[in-house]
**Student:** 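One structure, as structure tokens, below. Some questions next.
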Amino acid sequence: MGIVFILLPLSLILAGTGLFAYIWCARKRQFDDPDGDAQRMLFDD
Amino acid sequence: MNESAISLSDSNPEIPVQGRRQKGCRHCGLPTEDEFCCAGCATVFATLSELGLLDFYRWRDVGESPKQRVPDAPSSAFDTFTEIEPHAANGLAVYTFEIQGIHCAGCLWILERLSRVQRGISRTALNASTGELTVWFEPEEISLVSIARLLGRLGYPPRDPRERGSERPSPLPLIRMGVAAFAAMNTMMLAVSLFEGFSTGIESDVAATFRWVSLFLSMPVVLWAGLPLYSHAFTALRSGRIHIELPLTVAIVAAFVLSAVNTALNRPYVYFDSVCLLIFLLLVSRAVQNRAMVAAKRASRIGWALLPNHARLVTGEEIELVRIEDLVTGDLVRVAPGERFPADGVVCEGTSSVDRSILNGESRPEDVSVGAQVEAGALNVTADLTVTVRSVGENTRVGHLLAELRHRDSEKGVLGRFTDAVGRWYLAGLGIATLVTVAINHASLTSAIESVLTLYIVTCPCALAFSLPTIYGLLIGAAARRGILVKSAAVLEELVRAKRAFVDKTGTVTTGEFKLISADWLTSDRVCAISALSRLTSLQPNHPVSRAIRVGEDLNSGPSHGCFLVPGRGVQFDADNGEMWRLGSPTWAGAEREAFLAEEDTAVSLTRNGAEVARFILGDCIRPCSRDVVQALHDRGIRVIMLSGDQQSTVRAVAARLGIRSDEAYGEMTPEQKAQIIDECNEPSVFVGDGVNDVLALRAADVGIALAGGLEATVDAADVIVLDGALDKVAKLRAAATRAHTVACISLGVSLVYNLTAAAVTMAGGMNPLIAAFLMPTSSMIVMVLALTYRPLRSREV
């Protein structure tokens, strides 16, 4: 069962990376305009 | 730029409307019979063609969101921008406008390509969710005012900087939710392992590790992410109110402390996952409510742009341009035709007519002369007037209403009042349960404390705290984005309970405009007749009859000399060749035959020398959806009663066409009488009116619904405002509110059963902390999932 002491920190680090990425994006205001981003994707030019 | 040939017939879609196929406006797609629905759309189309930007129509979603008729801004509307200093960045100036009128991908497309069409604009970036347009420009090439005017011309007028909303929303709420979600998921994962360990065995050091890790994961959530919840609860407490979040705060703190103690003492009962999940769900619910409030605020802003920035002050012989803020009572100001009055006052010189539609929705101008009162924001239509100022700024009627609107915006919570009522019962029950628990478990201090804490942990007003707010927040937000402003969830509850619906006639079930229904030409020589008709209708081009005939027969306005008005009868034209043309009521004009006329219509004859040349039937068209709306309401057991100021016979006729019984149609009512009838009704009632002279009735009913209308009705009296005046939205709103009500009741029911059972077991001392730890998150999740299964989206229907 000792493997748990490796797996636990590992999983927390992985999840934590996700969390930090989310926080970074939020602070860069990438989530500020969900409607506009959805439409902007479709333009050709 | 993509030069693909766009088939412009795509941009004039046919929209099937009950009984009649109507074309859509070439620009915005709203149903209309002409090529464009309004001058604004026509102008934008012309501008886009000029600038080579017709690609816009590839991205325009037809009828995606309701287009509001943003009131036409006077030419001086953007002058305030001359006083703004834009920021400097890398040699360019930058400024962020808050613009109105965005409603589709086409708007986004064109606004981000302004640099291609206007020299001096380097780059533009639009935030479609908030309506903020940031423009980078060269100040030597173009001024801020010119940019504002360009935006106005394109149909996206920027809001007056004096009426700017608050600063950009911070990403903090999102971050809090993210942290809470992260902690909730991970602690749940660990908690499942611990539960599993209880039955199949787990090594004690592994279990202890899991508990400590859970503790550290929960700390940022309890100590930071949940802060807005605690502060809200305590603020309410300080002003003497107990908000539903108070027991939740106690529960969160209690659970966390208990779990921390247990972790330190190596005992197995911990509730970290419940705590984190609870905080997360509460944060989500608050976010939904905020979104609803923001959507409602954005949709309803009317703005100070209605008032001019400068006024012409008359001092002796001179006229001086002063700022509107510098006016005082007693000043004399001159207002030219086409300008809006800068203040409330009394006319001291001149005769003109005044359009007060901003205030009371009445679009027909009223004549004013010396001694008449005029209001700030009203439009002077015909001639110069000199006005003595009586009130300025916020003391004017308009200013007062706008200030009230702003004040109401800042009131906390769309739903606060509603949940408070049910919440009081819950808190009372909780208080009693606490006492009972202590009474039963007073064997020792620790057992008393533990059982009380467990009680608080286990009982959860989840339905009240986040399920109901989420349901109603979603509905109100979705409604606001579709142009229906609902003032609070309590209004929706009343709407569901309503048993009687009182409807106004003109403008509500009818379009409110005279239209030409049929034209009966009795002669083959139309040329002379048409030119005479054109002359006759040009005498008073804004008279409803003239306008209806001109639009219906597609006449241009022309000279009208030689014509004169015969009051109460019609218009007469004596031609040079001796012919006498008359346009007016058939008997006066000389027509002999009796026409078969529906009671609600009006007949007008064109005669030459007493012989009838043409007969026009005019009527106020009933909206196509009216009959269906009445039917839908009847199907749900709501009696529909029509109240109108119009003649009894006309009202009965219209009522019959809609399926309303004649004893439920009242004509010749004054506004006071309408309000009285509504007052006398004992059952919960709804009133639907178009805001014109309906203020009293709107107040009298339990739910007052205004279909567009003037400021007085919409800001003050109405509970629900339908911005584009579409009657069928009323029925759809009620249907959606009924569904919300059902889900809300189920949530409350589930929550009630759970709380009663859990509280009873805890009070008896039989609540195993393990079971408590399991029940809490489960019940919260069930109730939240219930709330989310409620779909207020009626995007395909509305």
Side-chain angles (χ1 to χ4, degrees), chain A, chain B residues 1-4 55 58-59 61 64-65 102-113 116 125-133 168-183 185-186 189-190 193 197 201-203 205-207 209-210 212-214 216-217 220 291 481:
Chain A
M1 251 307 226
I3 193 75
V4 149
F5 296 109
I6 300 177
L7 288 178
L8 188 53
L10 197 58
S11 79
L12 284 178
I13 289 172
L14 282 176
T17 312
L19 179 64
F20 279 119
Y22 171 81
I23 293 180
W24 184 81
C25 288
R27 293 187 65 193
K28 290 275 183 206
R29 300 186 170 276
Q30 291 192 18
F31 299 134
D32 271 9
D33 185 16
D35 303 323
D37 289 337
Q39 293 163 355
R40 212 172 278 127
M41 276 187 349
L42 301 174
F43 300 150
D44 299 332
D45 50 18
Chain B
M1 190 174 74
N2 202 344
E3 302 271 9
S4 62
D55 236 7
R58 284 181 64 195
W59 305 115
D61 300 317
E64 170 68 29
S65 325
I102 306 173
H103 60 295
C104 65
C107 306
L108 175 63
W109 186 87
I110 192 179
L111 286 168
E112 290 195 336
R113 278 154 189 76
R116 301 188 196 182
L126 175 70
N127 182 327
S129 309
T130 59
E132 288 178 342
L133 180 71
R168 308 166 74 186
S170 110
L172 213 48
L174 276 181
I175 297 180
R176 284 193 221 266
M177 275 197 282
V179 170
F182 168 82
M185 289 189 283
N186 284 297
M189 185 181 74
L190 295 172
S193 310
I202 183 172
E203 293 173 13
D205 53 342
V206 173
T209 312
F210 281 9
W212 281 100
V213 170
S214 300
F216 285 119
L217 284 177
R291 232 164 83 93
R481 280 185 283 277

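Residue numbering restarts at 1 for every chain, and letters A, B, ... go by the order of the sequence lines.
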**Student:** Hey, which of B:L172, B:I175, B:L217 has the most heavy atom pairs under 4.5 Å with chain A?
**Tutor:**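 Winner by heavy-atom pair count: B:I175.
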**Student:** About how many Å separate OG of B:S170 and CZ of A:R27, when rounded to the nearest 0.5 Å?
**Tutor:** 10.5 Å
**Student:** For B:N127, is it the side chain, the backbone, both, or neither that has a heavy atom closer than 4.5 Å to a heavy atom of chain A?
**Tutor:** both
**Student:** Please report the interatomic distance CZ(B:F216) to CG(A:L12), rounded to the nearest 0.5 Å.
**Tutor:**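 These two atoms lie 12.5 Å from each other.
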**Student:** Out of A:P34, A:A38, A:C25, which one racks up the most heavy-atom pairs below 4.5 Å with chain B?
**Tutor:** A:P34
**Student:** Report the C-alpha distance between B:W109 and A:L42 in whole Å, list the side-chain angles of each, state the deciding distance to 0.1 Å, and finish with yes or no for side-chain contact (heavy atoms from CB on, under 4.5 Å).
**Tutor:** CA-CA 10 Å; B:W109 186 87; A:L42 301 174; over 6 Å; no
**Student:** Should we say atom CZ of A:F20 is surrounded by more than 12 heavy atoms from elsewhere, each under 6.0 Å from it?
**Tutor:** no
**Student:** Between CG of A:D37 and CG of B:L108, what distance do you get to the nearest 0.5 Å?
**Tutor:** 9.0 Å
**Student:** Checking heavy atoms, do the side chain of B:M185, its backbone, both or neither come under 4.5 Å from chain A?
**Tutor:** neither
**Student:** Between A:D33 and B:A128, is there a donor-acceptor pair closer than 3.5 Å when you use the side chain of the first and the backbone of the second?
**Tutor:** yes
**Student:** Hey, does the side chain of A:Y22 reach the backbone of B:L174 with a donor-acceptor pair shorter than 3.5 angstrom?
**Tutor:** yes
**Student:** How close do B:F182 and A:G16 get, heavy atom to heavy atom, and via which atoms?
**Tutor:** CE1-N, 3.7 Å
**Student:** Could you look at B:V213 and say if it's the side chain, the backbone, both or neither that has a heavy atom under 4.5 Å from chain A?
**Tutor:**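 Only the side chain of B:V213 comes within 4.5 Å of chain A.
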